[in-house]
There are 2 protein chains.
Amino acid sequence: MELRHLRYFLAVAEERHFTRAAERVGIQQPPLSLQIKQLEEELGTPLFVRHSRGVDLTEAGTTFVEEARQLLERVEQAKTHIQRLSRGEAGRIRIGFAGATYFEPAVPALIRDYRARYPDVQLQPQQSNTAELVQALIDGSVDAAFVHTPIGSAPELACLPLVDEAMLLALPANHPLSEEAAVPLSALADDTFILLPRDISPGLYDRLIVAFQQAGFMPKLGLEAPQIVSIVPMVAAGFGVSLVPRAVSQIDTPGVRYLSIAGVAPRAPIGLAYREDAGSAALRQFISLAEAGASTHDAADSPER
Amino acid sequence: MELRHLRYFLAVAEERHFTRAAERVGIQQPPLSLQIKQLEEELGTPLFVRHSRGVDLTEAGTTFVEEARQLLERVEQAKTHIQRLSRGEAGRIRIGFAGATYFEPAVPALIRDYRARYPDVQLQPQQSNTAELVQALIDGSVDAAFVHTPIGSAPELACLPLVDEAMLLALPANHPLSEEAAVPLSALADDTFILLPRDISPGLYDRLIVAFQQAGFMPKLGLEAPQIVSIVPMVAAGFGVSLVPRAVSQIDTPGVRYLSIAGVAPRAPIGLAYREDAGSAALRQFISLAEAGASTHDAADSPER
DNA sequence: ACATTCCATATCTTTTATGTATGTTTTGAA
DNA sequence: TTCAAAACATACATAAAAGATATGGAATGT
């Protein structure tokens, strides 16, 4: 049995007339008769009763009309589904967000734009840290991730730089310098710093170390924060000072002051990482939307990984 | 697109290897490659990524595996459904029961047998009277009906005689003759008779009239019962006496006595009526089961309509 | 570097779907 | 009753498409 048989059968069933049905499906009556005969033989039962003024459906035929119609409909649905998938208009993207990347306005803006343009693609967000997300990208459990760059040498991963803003100092409100507008990093040489463990985001961590070296001191390290956002309450509680991406300053916690760093400030670049062999069309659309957005307002940094 | 494309596609998707898949579907590799290519062109997207050690599914391909599998499965289901229908193993029969026919043991016995043999055929019972059922058979709203024969001249209807039992007298318990074993009909010449209107079951009615004529009197007619079963309570209430099919005597109502008729008793034959052009295979099976049953214990009457 | 694996391409063959011509049956009208 | 028309079936021819065979080319591992 082939779909052709179903198409021809439906035409005859609807016209109740071989000759007209043949015309409708664009062939002659005798081949149509043959095709129907084949179908009836395969099913083992007549589908039509032929009489001299056209045909009627048998009981089996009547039932088969429904079956055939639904089948052909589902074939069409499957076709358009696949086509939409291949155009990136349907499907699913699992997106990871590292640390505080979601606070960077460009990130939710991109998500919003994408959803507006591709409402039928399901977005599955996932909160984690850069290191874990890189692993998830490699093993395929996440399709794209907003991470702190550089992400190191992952051969199959690409990374599109999105934003690159200077970091801010986070001081407790009762810190002697907390009312200043901007402070050089060296002014905090005697303070205790709250940092993330290097594992969580090696790129970010190493930038800070470089910044400390340039400022001419190695800081006292206090508690380690499990994630960027938890640095803020720890500073508020007086456990020490810290350096945070600008976006984190949106978390307006009482007892914390955010200060610009005078001189060369370490930067906290955010990139969109994904597997080079980006499988899904939806993902490719997402990435190209991100590229478009990045090239618009972006500038500054070189494409680093 | 044809079902062939889906079958071939699934083979390749499962083997992840064109050559092996070709072997599995019984063709050579080059034509298989061509068919897959056709499919990909119709869908507008590649389904496989080819590399030198076989192939992998694309995102679209992965999704299409599910669709194709379900489609082919439904095709098979549709096929077996139609085949079962055509063998009378599935389907639906709308069966009418006239008056008290359902009390005749042969009738429920037939239904029981049929259901045991064809459990997947849905039986839709319908209670009515002979006249209405004949009409329902003609206009196609009922497929078969147990009726009181004869049903008169309905050109497209056939009628299979099933049972033909003598009728009984139904007397109120306080009737002077109620303790007799058998009474001739003429003994009730002065009683009031409760009968059905002739419309409901002309065959039965006319038999009674003939019986009265043979007994040498025309009875006083009292109330008309709307259906056979309601004769019983009317007799119990003392509105008169009546003649009922033997099966009705199973309704053991206090205040009613059933007596045999001495001499020639009118009979209440029951038949299974159906359209001569019996459409559904299930119905044909039902009828042949009825025929088999009838010929077994049946005898007596000539095939009347 | 070479052999091997495996899919693609090119071309030929066979099958099968379709086209053309005609037959057969039914039905309605002359 | 006969005849013509309608409509599906049958017979045969043709064209299209599926499939077979032979070969090429890219990737991979020895």
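Here is the naming used below: chain letters follow the sequence lines, and residue numbers restart at 1 for every chain.
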Completion exercise
The reported gap from NE2 in B:His5 to NZ in B:Lys37 (rounded to nearest 0.5 angstrom) is 12.5 Å

Fill in the blank from the handout: Between the CZ atom in A:Phe64 and the CG atom in A:Leu71, the distance rounded to the nearest 0.5 Å is 7.5 Å

Exercise for the section: Let me know, please, whether A:Tyr8 or B:Lys37 comes out on the 5' side of the other along DNA chain C by nearest nucleotide. Expected result: B:Lys37

Fill in the blank from the handout: Taken in chain and number order and not counting sequence neighbours, the residues that satisfy side-chain contact (heavy atoms from CB on, under 4.5 Å) with B:Arg4 are A:Glu2, B:Glu2, B:Arg7, B:Tyr8, B:Gln35

Problem - Partner residues of B:Ser86 under the side-chain contact (heavy atoms from CB on, under 4.5 Å) criterion, sequence neighbours left out - result: A:Thr45

Fill in the blank from the handout: With five pairs defining each end axis, the helix from C:dA1-D:dT30 to C:dA30-D:dT1 comes out bent, to 10°, by 10°

[X] (side chain) donor-acceptor with [Y] (main chain) under 3.5 angstrom:
X       : Y        : value
A:Glu42 : A:Met1   : yes
B:Glu67 : A:Ala78  : no
A:Arg94 : A:Leu123 : no

Exercise for the section: Please work out which residues in residues 28-36 of chain B have a non-hydrogen atom less than 4.0 Å from an atom of DNA chain D and list them by number. Expected result: B:Gln28, B:Pro30, B:Pro31, B:Gln35

Exercise for the section: Could you identify which residues of residues 41-53 of chain A place a heavy atom less than 4.0 Å from some atom of DNA chain D, listed by residue number, or say none? Expected result: A:Arg50, A:Ser52, A:Arg53

[X] to [Y] - nearest heavy-atom pair and separation:
X        : Y        : value
A:Tyr274 : A:Leu272 : CD2-O, 3.5 Å
A:Ile36  : A:Arg50  : CG2-NH2, 4.0 Å
A:Gly96  : A:Val142 : N-CG1, 4.0 Å

Handout entry: Aromatic ring pairing B:Phe9/B:Phe48, orientation class (parallel under 30°, perpendicular over 60°, tilted between)
Key = tilted

Only counting residues at least two apart or in another chain, list the ones meeting salt bridge (Lys or Arg N to Asp or Glu O under 4.0 Å) with [X].
X        : value
B:Glu132 : none
A:Arg69  : A:Glu14, A:Glu66
A:Glu89  : A:Arg84, A:Arg87

Practice task
Using a cut-off of strictly less than 4.0 Å between a heavy atom of the residue and any atom of DNA chain C, enumerate the qualifying residues of residues 9-27 of chain B by number.
Solution key: B:His17, B:Phe18, B:Thr19

Exercise for the section: Could you tell me whether B:Gln38 contacts a base, only the sugar-phosphate backbone, or nothing, with contacts defined as non-hydrogen atoms closer than 4.0 Å? Expected result: sugar-phosphate

Practice task
Consider only side-chain N and O atoms of B:Gln285 and B:Arg117, and report whether a donor and an acceptor are under 3.5 Å apart.
Solution key: no

Exercise for the section: Tell me yes or no: between the side chains of B:Thr80 and B:Glu76, is some donor less than 3.5 Å from an acceptor? Expected result: no

Completion exercise
Outer limits of DNA chain C sitting under 4.0 Å from a non-hydrogen atom of chain B, read 5' to 3', are C:dT5 to C:dA10

Problem - Contact interval (first through last nucleotide) of DNA chain D with protein chain B, 4.0 Å heavy-atom - result: D:dA18 to D:dT28

Can you list, pair by pair, the side-chain donor-acceptor contacts under 3.5 Å of residues 51-62 of chain A, counting residues two or more places apart and other chains?
from    : atom 1 : to       : atom 2 : distance (Å)
A:Asp56 : OD1    : A:Arg16  : NH1    : 3.3
A:Thr58 : OG1    : A:Pro46  : O      : 3.0
A:Thr58 : OG1    : A:Leu47  : O      : 3.2
A:Thr58 : OG1    : A:Ala60  : N      : 3.4
A:Thr58 : OG1    : A:Gly61  : N      : 3.0
A:Glu59 : OE1    : B:Ala281 : N      : 3.4
A:Thr62 : OG1    : A:Thr58  : O      : 2.8

